[in-house]
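Please read the structure below before turning to the comments.
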There are 2 protein chains.
Amino acid sequence: MESMLTITDVSRRSGVASSALRFYEERGLIASERAGSGHRRYPRSVLRRIAFIVFAQRIGLTLEEIGAELAKLPADRVPSRRDWSRLSGRWTKRIDQRIAELQRLRSGLTECIGCGCLSIDRCSLANPADMAGRKGPGPRYWLG
Amino acid sequence: MESMLTITDVSRRSGVASSALRFYEERGLIASERAGSGHRRYPRSVLRRIAFIVFAQRIGLTLEEIGAELAKLPADRVPSRRDWSRLSGRWTKRIDQRIAELQRLRSGLTECIGCGCLSIDRCSLANPADMAGRKGPGPRYWLG
DNA sequence: CTACAAGTTCAAGTTAACTTGAAGTCAAGC
DNA sequence: GCTTGACTTCAAGTTAACTTGAACTTGTAG
(Lines give C-alpha, C1' and ligand atoms only; values in the text may rest on other atoms or scores of the structure.)
Protein backbone atom coordinates (compact mmCIF):
# COMPACT_ATOMS: atom_id res chain seq x y z
CA MET A 1 0.00 0.00 0.00
CA GLU A 2 1.28 3.43 -1.01
CA SER A 3 0.60 5.32 2.20
CA MET A 4 3.32 7.92 2.07
CA LEU A 5 2.28 11.51 2.66
CA THR A 6 3.20 14.66 0.74
CA ILE A 7 4.46 17.72 2.54
CA THR A 8 1.07 19.37 2.20
CA ASP A 9 -0.63 16.32 3.70
CA VAL A 10 1.68 16.44 6.67
CA SER A 11 1.31 20.18 7.03
CA ARG A 12 -2.48 19.98 7.02
CA ARG A 13 -2.61 17.08 9.45
CA SER A 14 -0.09 18.51 11.88
CA GLY A 15 -0.90 22.19 11.61
CA VAL A 16 2.77 22.94 11.00
CA ALA A 17 3.65 24.97 7.88
CA SER A 18 5.56 23.26 5.09
CA SER A 19 8.32 25.80 5.42
CA ALA A 20 8.66 24.76 9.03
CA LEU A 21 8.73 21.09 8.06
CA ARG A 22 11.59 21.73 5.65
CA PHE A 23 13.29 23.68 8.39
CA TYR A 24 12.90 20.82 10.85
CA GLU A 25 14.35 18.47 8.29
CA GLU A 26 17.33 20.75 7.75
CA ARG A 27 17.88 20.67 11.49
CA GLY A 28 17.66 16.91 11.54
CA LEU A 29 14.47 16.70 13.61
CA ILE A 30 12.51 14.83 10.99
CA ALA A 31 13.43 12.98 7.81
CA SER A 32 11.81 12.31 4.45
CA GLU A 33 12.25 10.04 1.49
CA ARG A 34 12.01 11.40 -2.00
CA ALA A 35 9.69 10.55 -4.86
CA GLY A 36 11.30 10.19 -8.29
CA SER A 37 10.49 13.85 -8.89
CA GLY A 38 12.51 14.98 -5.91
CA HIS A 39 9.39 15.75 -3.87
CA ARG A 40 9.34 14.77 -0.21
CA ARG A 41 7.38 11.71 0.95
CA TYR A 42 6.74 11.07 4.63
CA PRO A 43 5.77 7.90 6.47
CA ARG A 44 2.77 8.22 8.75
CA SER A 45 4.99 7.91 11.80
CA VAL A 46 6.38 11.36 11.17
CA LEU A 47 3.12 12.82 12.49
CA ARG A 48 3.78 11.52 15.96
CA ARG A 49 7.28 12.85 15.81
CA ILE A 50 5.98 16.27 14.85
CA ALA A 51 3.36 16.18 17.57
CA PHE A 52 6.15 15.48 20.00
CA ILE A 53 8.17 18.43 18.69
CA VAL A 54 5.26 20.82 19.06
CA PHE A 55 4.43 19.51 22.48
CA ALA A 56 8.02 19.89 23.62
CA GLN A 57 8.12 23.44 22.32
CA ARG A 58 5.11 24.40 24.34
CA ILE A 59 6.80 23.10 27.40
CA GLY A 60 9.68 25.38 26.63
CA LEU A 61 12.38 23.26 25.04
CA THR A 62 14.44 24.69 22.22
CA LEU A 63 14.65 22.85 18.91
CA GLU A 64 18.20 21.93 19.74
CA GLU A 65 17.16 20.27 22.97
CA ILE A 66 14.30 18.55 21.22
CA GLY A 67 16.70 17.26 18.61
CA ALA A 68 18.89 15.82 21.34
CA GLU A 69 15.90 14.05 22.86
CA LEU A 70 14.72 12.68 19.53
CA ALA A 71 18.19 11.33 18.87
CA LYS A 72 17.65 8.94 21.76
CA LEU A 73 14.86 7.15 19.94
CA PRO A 74 15.71 3.88 18.20
CA ALA A 75 16.79 4.51 14.63
CA ASP A 76 16.06 1.03 13.33
CA ARG A 77 12.31 0.89 13.97
CA VAL A 78 9.22 3.02 14.47
CA PRO A 79 9.31 4.13 18.12
CA SER A 80 6.90 2.40 20.47
CA ARG A 81 4.71 3.96 23.13
CA ARG A 82 7.30 3.00 25.71
CA ASP A 83 10.00 4.79 23.74
CA TRP A 84 8.01 7.98 23.69
CA SER A 85 7.05 7.93 27.31
CA ARG A 86 10.63 7.32 28.36
CA LEU A 87 11.54 10.58 26.64
CA SER A 88 8.72 12.64 28.01
CA GLY A 89 9.22 11.34 31.53
CA ARG A 90 12.17 13.66 32.11
CA TRP A 91 10.10 16.71 31.36
CA THR A 92 7.82 16.43 34.31
CA LYS A 93 10.57 17.75 36.54
CA ARG A 94 11.20 20.63 34.21
CA ILE A 95 7.56 21.64 34.11
CA ASP A 96 7.38 21.47 37.89
CA GLN A 97 10.33 23.83 38.14
CA ARG A 98 8.63 26.35 35.88
CA ILE A 99 5.42 26.12 37.80
CA ALA A 100 7.32 26.70 41.03
CA GLU A 101 9.08 29.72 39.56
CA LEU A 102 5.79 31.21 38.49
CA GLN A 103 4.28 30.60 41.89
CA ARG A 104 7.25 32.31 43.45
CA LEU A 105 6.75 35.28 41.14
CA ARG A 106 3.06 35.27 41.89
CA SER A 107 3.53 35.55 45.58
CA GLY A 108 6.25 38.13 45.07
CA LEU A 109 3.72 40.19 43.27
CA THR A 110 1.69 40.82 46.34
CA GLU A 111 4.36 40.37 48.97
CA CYS A 112 7.21 42.31 47.45
CA ILE A 113 5.83 44.95 45.14
CA GLY A 114 2.76 45.39 47.26
CA CYS A 115 4.76 45.47 50.49
CA GLY A 116 6.51 48.29 52.22
CA CYS A 117 10.11 47.26 51.80
CA LEU A 118 10.40 49.12 48.52
CA SER A 119 14.07 48.40 48.45
CA ILE A 120 15.40 46.94 45.29
CA ASP A 121 18.58 46.04 47.13
CA ARG A 122 16.91 43.96 49.76
CA CYS A 123 14.21 42.45 47.59
CA SER A 124 15.09 38.90 46.71
CA LEU A 125 12.72 38.89 43.79
CA ALA A 126 14.34 41.72 41.95
CA ASN A 127 17.84 40.70 42.80
CA PRO A 128 20.73 41.06 40.36
CA ALA A 129 22.18 37.76 41.48
CA ASP A 130 19.34 35.64 40.25
CA MET A 131 18.19 37.28 37.11
CA ALA A 132 19.61 39.48 34.39
CA GLY A 133 22.53 39.31 32.06
CA ARG A 134 23.12 35.60 31.98
CA LYS A 135 22.23 34.43 28.54
CA GLY A 136 24.65 36.64 26.63
CA PRO A 137 23.31 38.32 23.55
CA GLY A 138 19.83 37.88 22.22
CA PRO A 139 16.50 38.03 23.98
CA ARG A 140 16.23 36.93 27.54
CA TYR A 141 13.28 34.70 27.99
CA TRP A 142 10.87 34.66 30.86
CA LEU A 143 13.03 32.31 32.84
CA GLY A 144 16.75 32.46 33.46
CA MET B 1 21.93 66.97 48.18
CA GLU B 2 23.29 65.74 44.83
CA SER B 3 21.94 62.23 44.84
CA MET B 4 21.63 61.57 41.14
CA LEU B 5 23.11 58.34 39.85
CA THR B 6 25.33 57.73 36.83
CA ILE B 7 24.50 55.01 34.35
CA THR B 8 27.19 52.78 35.86
CA ASP B 9 25.72 53.29 39.33
CA VAL B 10 22.31 52.26 38.10
CA SER B 11 23.70 49.33 36.17
CA ARG B 12 25.58 48.01 39.18
CA ARG B 13 22.65 48.45 41.54
CA SER B 14 20.07 46.94 39.23
CA GLY B 15 22.12 44.28 37.55
CA VAL B 16 20.99 45.55 34.16
CA ALA B 17 23.71 46.41 31.62
CA SER B 18 24.17 50.06 30.66
CA SER B 19 23.50 49.19 27.04
CA ALA B 20 20.16 47.80 28.14
CA LEU B 21 19.43 50.93 30.15
CA ARG B 22 20.03 53.10 27.09
CA PHE B 23 17.84 50.73 25.12
CA TYR B 24 15.05 51.03 27.69
CA GLU B 25 15.32 54.78 27.49
CA GLU B 26 15.10 54.68 23.71
CA ARG B 27 11.93 52.65 24.10
CA GLY B 28 10.53 55.11 26.57
CA LEU B 29 10.53 52.76 29.57
CA ILE B 30 12.80 54.91 31.67
CA ALA B 31 14.02 58.47 31.46
CA SER B 32 17.13 60.39 32.44
CA GLU B 33 18.26 63.93 32.89
CA ARG B 34 21.60 65.09 31.55
CA ALA B 35 24.62 66.54 33.26
CA GLY B 36 26.30 69.51 31.57
CA SER B 37 28.61 67.04 29.85
CA GLY B 38 25.73 65.23 28.18
CA HIS B 39 26.10 62.24 30.52
CA ARG B 40 22.94 60.62 31.88
CA ARG B 41 21.86 61.25 35.47
CA TYR B 42 19.14 59.17 37.10
CA PRO B 43 17.01 59.83 40.17
CA ARG B 44 16.93 57.02 42.74
CA SER B 45 13.33 56.22 41.83
CA VAL B 46 14.47 54.79 38.53
CA LEU B 47 15.71 51.73 40.40
CA ARG B 48 12.22 50.72 41.40
CA ARG B 49 11.05 51.25 37.87
CA ILE B 50 13.79 48.99 36.56
CA ALA B 51 13.01 46.37 39.17
CA PHE B 52 9.46 46.44 37.96
CA ILE B 53 10.57 46.00 34.35
CA VAL B 54 12.73 43.02 35.18
CA PHE B 55 10.02 41.48 37.30
CA ALA B 56 7.47 41.91 34.55
CA GLN B 57 9.79 40.33 32.03
CA ARG B 58 10.18 37.24 34.16
CA ILE B 59 6.46 36.92 34.27
CA GLY B 60 6.45 36.94 30.51
CA LEU B 61 5.45 40.43 29.44
CA THR B 62 7.11 41.99 26.41
CA LEU B 63 8.81 45.35 26.72
CA GLU B 64 5.98 46.86 24.74
CA GLU B 65 3.40 45.59 27.21
CA ILE B 66 5.54 46.74 30.09
CA GLY B 67 5.77 50.17 28.52
CA ALA B 68 2.01 50.33 28.28
CA GLU B 69 1.70 49.45 31.98
CA LEU B 70 4.31 51.98 33.02
CA ALA B 71 2.50 54.66 31.05
CA LYS B 72 -0.36 54.31 33.53
CA LEU B 73 1.76 55.57 36.40
CA PRO B 74 1.40 59.22 37.39
CA ALA B 75 3.80 61.42 35.46
CA ASP B 76 3.80 64.31 37.89
CA ARG B 77 5.18 62.56 40.98
CA VAL B 78 7.22 59.58 42.12
CA PRO B 79 4.82 56.61 42.12
CA SER B 80 3.61 55.41 45.48
CA ARG B 81 3.31 51.87 46.75
CA ARG B 82 -0.38 51.92 45.86
CA ASP B 83 0.44 52.98 42.32
CA TRP B 84 2.76 50.04 41.89
CA SER B 85 0.48 47.48 43.39
CA ARG B 86 -2.41 48.64 41.23
CA LEU B 87 -0.30 47.82 38.19
CA SER B 88 0.91 44.47 39.34
CA GLY B 89 -2.52 43.40 40.48
CA ARG B 90 -3.60 42.62 36.95
CA TRP B 91 -0.77 40.17 36.49
CA THR B 92 -1.96 37.67 38.99
CA LYS B 93 -4.55 36.46 36.54
CA ARG B 94 -1.98 36.16 33.83
CA ILE B 95 0.37 34.12 35.95
CA ASP B 96 -2.47 31.84 36.95
CA GLN B 97 -3.25 31.22 33.31
CA ARG B 98 0.32 30.24 32.60
CA ILE B 99 0.43 27.95 35.56
CA ALA B 100 -2.78 26.32 34.40
CA GLU B 101 -1.38 25.86 30.92
CA LEU B 102 1.71 24.19 32.30
CA GLN B 103 -0.35 21.93 34.50
CA ARG B 104 -2.40 20.97 31.49
CA LEU B 105 0.76 20.15 29.60
CA ARG B 106 2.10 18.25 32.55
CA SER B 107 -0.87 15.97 32.77
CA GLY B 108 -0.85 15.59 29.00
CA LEU B 109 2.63 14.28 29.32
CA THR B 110 1.55 11.17 31.12
CA GLU B 111 -2.00 10.95 29.87
CA CYS B 112 -1.53 11.67 26.20
CA ILE B 113 1.95 10.71 25.17
CA GLY B 114 2.08 7.91 27.67
CA CYS B 115 -1.40 6.68 26.78
CA GLY B 116 -2.55 4.35 24.09
CA CYS B 117 -4.45 6.74 21.85
CA LEU B 118 -1.37 7.56 19.80
CA SER B 119 -3.48 9.54 17.42
CA ILE B 120 -2.30 13.00 16.67
CA ASP B 121 -5.70 13.75 15.14
CA ARG B 122 -7.67 12.91 18.23
CA CYS B 123 -5.21 14.21 20.79
CA SER B 124 -6.38 17.54 22.12
CA LEU B 125 -2.94 18.47 23.34
CA ALA B 126 -1.25 18.20 19.98
CA ASN B 127 -4.11 19.72 18.10
CA PRO B 128 -3.59 22.12 15.20
CA ALA B 129 -6.50 24.25 16.35
CA ASP B 130 -4.93 25.35 19.58
CA MET B 131 -1.29 25.71 18.81
CA ALA B 132 0.88 26.41 15.80
CA GLY B 133 1.08 29.08 13.19
CA ARG B 134 -0.60 31.93 14.99
CA LYS B 135 2.05 34.49 15.69
CA GLY B 136 3.16 35.04 12.12
CA PRO B 137 6.88 35.28 11.56
CA GLY B 138 9.48 35.06 14.24
CA PRO B 139 9.88 32.55 17.01
CA ARG B 140 6.87 31.03 18.61
CA TYR B 141 7.14 31.15 22.32
CA TRP B 142 6.21 28.50 24.79
CA LEU B 143 2.63 29.68 24.93
CA GLY B 144 0.28 30.53 22.11
C1' DC C 1 -0.89 20.51 -25.07
C1' DT C 2 -1.31 24.02 -22.10
C1' DA C 3 -2.36 26.08 -17.70
C1' DC C 4 -1.71 26.25 -13.09
C1' DA C 5 -1.07 24.27 -8.66
C1' DA C 6 2.41 22.21 -5.90
C1' DG C 7 7.05 21.18 -5.06
C1' DT C 8 12.22 22.27 -4.97
C1' DT C 9 16.52 25.05 -3.39
C1' DC C 10 18.85 28.92 -1.60
C1' DA C 11 19.33 33.46 0.13
C1' DA C 12 17.55 36.98 2.69
C1' DG C 13 14.03 38.98 5.82
C1' DT C 14 11.46 39.08 10.51
C1' DT C 15 10.93 39.82 15.76
C1' DA C 16 12.46 40.73 20.42
C1' DA C 17 15.70 42.36 23.32
C1' DC C 18 19.69 43.49 23.52
C1' DT C 19 25.06 43.64 22.58
C1' DT C 20 29.08 45.08 20.11
C1' DG C 21 31.94 48.13 17.62
C1' DA C 22 33.40 52.42 15.70
C1' DA C 23 34.32 57.06 16.32
C1' DG C 24 34.29 60.81 19.10
C1' DT C 25 33.77 63.88 23.73
C1' DC C 26 34.98 65.15 28.52
C1' DA C 27 37.00 65.13 33.22
C1' DA C 28 40.55 63.78 36.30
C1' DG C 29 45.17 62.21 37.60
C1' DC C 30 50.16 62.33 36.88
C1' DG D 1 50.13 68.17 28.32
C1' DC D 2 48.69 63.70 27.92
C1' DT D 3 46.78 59.38 28.89
C1' DT D 4 43.03 56.79 30.90
C1' DG D 5 38.42 55.80 31.79
C1' DA D 6 33.68 56.80 31.63
C1' DC D 7 30.50 58.44 28.76
C1' DT D 8 28.06 59.64 24.21
C1' DT D 9 25.68 58.37 19.53
C1' DC D 10 24.66 55.54 15.70
C1' DA D 11 24.89 51.54 12.89
C1' DA D 12 25.24 46.85 12.58
C1' DG D 13 25.42 42.17 14.67
C1' DT D 14 23.21 38.21 17.51
C1' DT D 15 19.78 34.22 18.49
C1' DA D 16 15.80 31.32 17.70
C1' DA D 17 12.54 29.70 14.83
C1' DC D 18 10.76 30.37 11.15
C1' DT D 19 8.76 32.94 6.79
C1' DT D 20 9.15 35.05 2.35
C1' DG D 21 10.74 35.64 -2.22
C1' DA D 22 13.10 34.48 -6.40
C1' DA D 23 13.95 31.36 -9.87
C1' DC D 24 12.87 26.83 -11.47
C1' DT D 25 10.90 22.11 -12.15
C1' DT D 26 6.98 18.70 -11.90
C1' DG D 27 2.36 16.84 -11.70
C1' DT D 28 -2.34 17.11 -13.01
C1' DA D 29 -6.86 18.76 -14.87
C1' DG D 30 -9.12 20.08 -18.86
Side-chain angles (χ1 to χ4, degrees), chain A residues 2 4-12 14-30 32-42 50 53-68 70 131-144, chain B residues 2 4-12 14-30 32-42 50 53-68 70 131-144:
Chain A
E2 249 312 347
M4 300 293 273
L5 306 167
T6 69
I7 197 167
T8 316
D9 290 336
V10 173
S11 173
R12 200 162 5 81
S14 67
V16 173
S18 344
S19 60
L21 294 174
R22 291 196 197 93
F23 179 73
Y24 290 161
E25 183 168 331
E26 201 180 298
R27 293 300 205 78
L29 296 177
I30 58 177
S32 64
E33 287 159 36
R34 296 301 174 112
S37 59
H39 291 188
R40 287 175 176 78
R41 287 301 125 90
Y42 299 91
I50 294 166
I53 293 169
V54 172
F55 197 101
Q57 278 188 294
R58 298 198 80 177
I59 285 168
L61 299 183
T62 64
L63 288 188
E64 198 178 328
E65 293 173 304
I66 296 169
L70 286 173
M131 56 170 194
R134 283 224 235 80
K135 294 196 94 166
R140 287 162 196 172
Y141 296 103
W142 63 287
L143 239 179
Chain B
E2 251 309 348
M4 301 292 273
L5 306 166
T6 68
I7 197 167
T8 316
D9 290 336
V10 174
S11 173
R12 200 163 6 81
S14 67
V16 173
S18 345
S19 60
L21 294 174
R22 291 196 197 93
F23 178 73
Y24 290 161
E25 184 169 331
E26 201 181 297
R27 293 298 205 79
L29 297 176
I30 58 177
S32 64
E33 286 159 38
R34 298 299 173 113
S37 59
H39 292 187
R40 287 176 176 78
R41 287 300 126 92
Y42 299 93
I50 293 166
I53 294 169
V54 171
F55 198 101
Q57 278 188 293
R58 299 197 79 177
I59 284 168
L61 299 183
T62 64
L63 288 188
E64 197 178 328
E65 292 173 305
I66 296 170
L70 287 172
M131 56 169 195
R134 285 225 232 78
K135 295 196 92 166
R140 286 161 195 170
Y141 298 103
W142 62 288
L143 241 179

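Below, chain A is the first sequence line, B the second, and so on; all start at residue 1.
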Atom-pair distance ([atom1] on [X]; [atom2] on [N]), nearest Å:
| X | N | atom1 | atom2 | value |
| --- | --- | --- | --- | --- |
| Gln57(A) | dA16(D) | CD | P | 13 Å |
| Arg27(A) | dC18(D) | CZ | C1' | 9 Å |
| Ile53(B) | dA17(C) | CD1 | P | 11 Å |
| Leu21(B) | dA6(D) | CG | C1' | 15 Å |
| Leu61(A) | dA16(D) | CG | C1' | 14 Å |
| Phe23(A) | dA11(C) | CZ | P | 15 Å |
| Glu26(B) | dC10(D) | CD | P | 9 Å |

Counterpart residues, side-chain hydrogen bond (donor to acceptor under 3.5 Å, both in side chains), relative to [X] (two or more places apart):
| X | result |
| --- | --- |
| Thr8(A) | none |
| Thr6(A) | Asp9(A) |
| Ser18(B) | none |

(request) Compare the minimum distances between each of dA17(D), dC18(C), dT19(D) and the side chain of Leu63(A), then state the nucleotide with the smallest one. (result)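 My answer, after comparing the listed nucleotides, is dA17(D).
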(request) Would you indicate which nucleotide in dT9(D), dT9(C), dC18(D) comes nearest to any side-chain atom of Arg34(B)? (result)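 Output: dT9(D).
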(message) For a quick test of reading the model, state the closest non-hydrogen atom pair linking Val16(A) to Ser11(A) and the distance between them.
(response)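 Smallest heavy-atom distance, with atoms named: O-OG, 2.8 Å.
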(message) Any heavy-atom pair between the side chains of Leu70(A) and Ile53(A) that's under 4.5 Å?
(response)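 When only atoms from C-beta onward are counted, Leu70(A) and Ile53(A) do touch, with a gap below 4.5 Å.
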(message) Going by the rule side chain to side chain contact (heavy atoms under 4.5 Å, CB included), which residues pair with Ser37(B) if we only count those two or more places apart in sequence or in a different chain?
(response)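 Expected list: Ala35(B), His39(B).
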(message) The criterion is side chain to side chain contact (heavy atoms under 4.5 Å, CB included); which residues satisfy it with Ser32(B), sequence neighbours excluded?
(response)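 Listed in chain order: Glu25(B), Arg34(B), Arg40(B), Tyr42(B).
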(message) Counting only side-chain nitrogens and oxygens, does Ser37(A) get under 4.0 Å of the OP1 or OP2 atom of dT26(D)?
(response)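 Ser37(A) to dT26(D) OP1/OP2: no side-chain N or O under 4.0 Å.
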(message) Does a side-chain N or O of Tyr24(A) approach OP1 or OP2 of dC18(D) to a distance below 4.0 Å, or not?
(response)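 So the side chain of Tyr24(A) is within the cut-off, an N or O lying under 4.0 Å from OP1 or OP2 of dC18(D).
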(request) Hey, which sits more toward the 5' end of DNA chain C by its nearest nucleotide, Gly36(B) or Glu64(B)? (result)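 In this pair, the answer is Glu64(B).
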Pairwise N/O distances under 3.5 Å, protein to nucleotides 1-7 of chain C:
| residue | atom | partner | partner atom | Å |
| --- | --- | --- | --- | --- |
| dG7(C) | OP1 | Thr8(A) | OG1 | 2.1 |
| dG7(C) | OP2 | Thr8(A) | OG1 | 2.2 |

